[in-house]
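Report on one structure; see the data block that follows.
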Number of protein chains: 2
Amino acid sequence: MRMSDGVEWAAHACALLAALPEGVGVSAALLAEFNDLPPAYMAKHMQALARAGVVTSARGAGGGYRLARPASEVTLWDIVEAVEGPEPAFRCTEIRQKGPCAAKPAECRHPCQIAAAFHAAEKAWRGSLKAVSLASILADLARKQSPARRAELLAWLETKL
Amino acid sequence: MRMSDGVEWAAHACALLAALPEGVGVSAALLAEFNDLPPAYMAKHMQALARAGVVTSARGAGGGYRLARPASEVTLWDIVEAVEGPEPAFRCTEIRQKGPCAAKPAECRHPCQIAAAFHAAEKAWRGSLKAVSLASILADLARKQSPARRAELLAWLETKL
DNA sequence: TCTATTGCGGATATTTAGCATCCGAATTAT
DNA sequence: ATAATTCGGATGCTAAATATCCGCAATAGA
């Protein structure tokens, strides 16, 4: 089981968007360049974020992506859901209904104990991700990152906008 | 992100082993037949469980697999770890150290906020799985499954052992 | 209006995971 | 001993997920 790298990329991209002044659009190409990522694939993931309503997009010169809502209202789960899709990692294939001792469909109105346990575990996982917003990430970062470093990053971005 | 079907198969197989009287070995072929699963691939997963010490194996006639310890001491996480490996689903590739504003390695002694949040979420997930043992699964099952159904399953198994 | 820029979606390549097969080694029952 | 089982590992094939590319549509500014 492995989460696609796109989730990490999208999360960092969204954190960058959240750190920017309001109303500024950033192209997918620039977001990719910032972390030395493949531009084409980065663009795909930004499209996924746009479809999911996490960011808004604007075409044409001076366009690009920006957050669709305040940073405090975008969670890591929103980003995972946008990039990886909403489906759970564990998908019960109902093998109890197969084989020589197959259970009848009527006996399977409820998920089996195993599926229930996995679903509960994933719910805990999602809950943990929903508790972390871009705002809380930036707040943590501000505490650990030197102001000089932060200024350096913003300065580079300004030269490109 | 998707968990392999093998985890579901292994979990059901272990639950079956846990429901059996002590000292009985079951071949991989029979475990596969019980749920109409591909025998070769089932065998592969049973080997993984044996390598991880979840089950013990015995070759030769009358051999097969059995639980390596009491059902109360085998958790769903043990099975996931055996089949999928212990690596986390989220793997930070340290993209903050790449690109035109790359952070220096000295600044990266600690994981970034994003990686830390994902690691915390997976810890919650693992914790939830570690709280569920094969014994608790069987106990839940006994509460919902009719005694007649249980007898039916054991009867079929006896004809094959 | 024309051009440069940018997002969008389809089509294509690459990599990974799932599945099957084979044969050898170990063990037990006869 | 011998034969019947059964696990273990190596190898190859297929399907699916992942990553990449390319042309088109839309937008803003000159």
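In the text below, chain A, chain B and the rest are named by the order of the sequence lines, each starting its count at 1.
Distance Met3(A) CE to dA19(D) P: 13 Å, rounded to the nearest Å. The CD-C1' distance, from Gln47(A) to dT18(D), rounds to 16 Å in whole Å. Atom OH in Tyr65(A) sits about 14 Å away from atom P in dT27(D), given to the nearest Å. Remark: P of dG10(C) and OH of Tyr41(A) are 16 Å apart, rounded to the nearest angstrom. In this structure, CD of Glu84(B) is placed 13 Å from C1' of dT16(C), rounded to the nearest angstrom. The distance between atom CZ of Arg59(B) and atom C1' of dT6(D), rounded to the nearest whole Å, is 8 Å. In this structure, Met42(A) places its CE atom 15 Å from C1' of dT6(C), rounding to the nearest Å. Spacing between atom CD of Glu33(B) and atom C1' of dT6(D) amounts to 15 Å, rounded to whole angstrom units.
Side-chain atoms of Glu73(B) do not come within 3.5 Å of backbone N or O of Pro70(B) as any donor-acceptor pair.
Taking every side-chain heavy atom of Arg51(A) into account, dG9(C) is the closest of dC7(D), dT20(D), dG9(C). In this structure, of dA20(C), dT6(C), dC7(D), it is dA20(C) that holds the atom nearest to the side chain of Pro38(B). Each of dC7(D), dA20(C), dG8(D) was ranked by its minimum atom distance to the side chain of Lys44(B); first place goes to dA20(C). Side-chain proximity of Arg2(B) to dA17(D), dG9(C), dT6(D): nearest is dA17(D).
Heavy atoms of Trp9(B) sit under 4.0 angstrom from primed sugar atoms or phosphate atoms, though from no base atom. Nucleic acid contact for Ala28(B): sugar-phosphate only, since backbone atoms but no base atoms lie under 4.0 Å from a heavy atom of the residue. When heavy atoms are screened at a 4.0 angstrom cut-off, Val26(A) is found touching the sugar-phosphate backbone but no base atom. In this structure, Ala58(A) reaches the sugar-phosphate backbone alone: every heavy-atom distance under 4.0 Å involves primed, P, OP1 or OP2 atoms, never a base.
An OP1 or OP2 oxygen of dT6(C) is reached within less than 4.0 angstrom by no side-chain nitrogen or oxygen of Ser57(A).
Ion pairing between a basic and an acidic side chain is recognised when a charged N comes within 4.0 Å of a carboxylate O; Arg96(A) and Glu94(A) show such pairing.
Taken from CG in Leu31(B) to OH in Tyr65(B), the straight-line distance is 9.0 Å, to the nearest 0.5 Å. To the nearest 0.5 Å, atom CG of residue Leu20(B) and atom CZ of residue Arg66(B) are 10.0 Å apart.
Each of Gly60(A) and Ser4(A) was matched to the nucleotide of DNA chain D holding its nearest heavy atom; the match closer to the 5' end belongs to Ser4(A).
Side-chain contact between Glu33(B) and Lys160(B): present, with at least one pair of heavy atoms (C-beta onward) separated by less than 4.5 Å.
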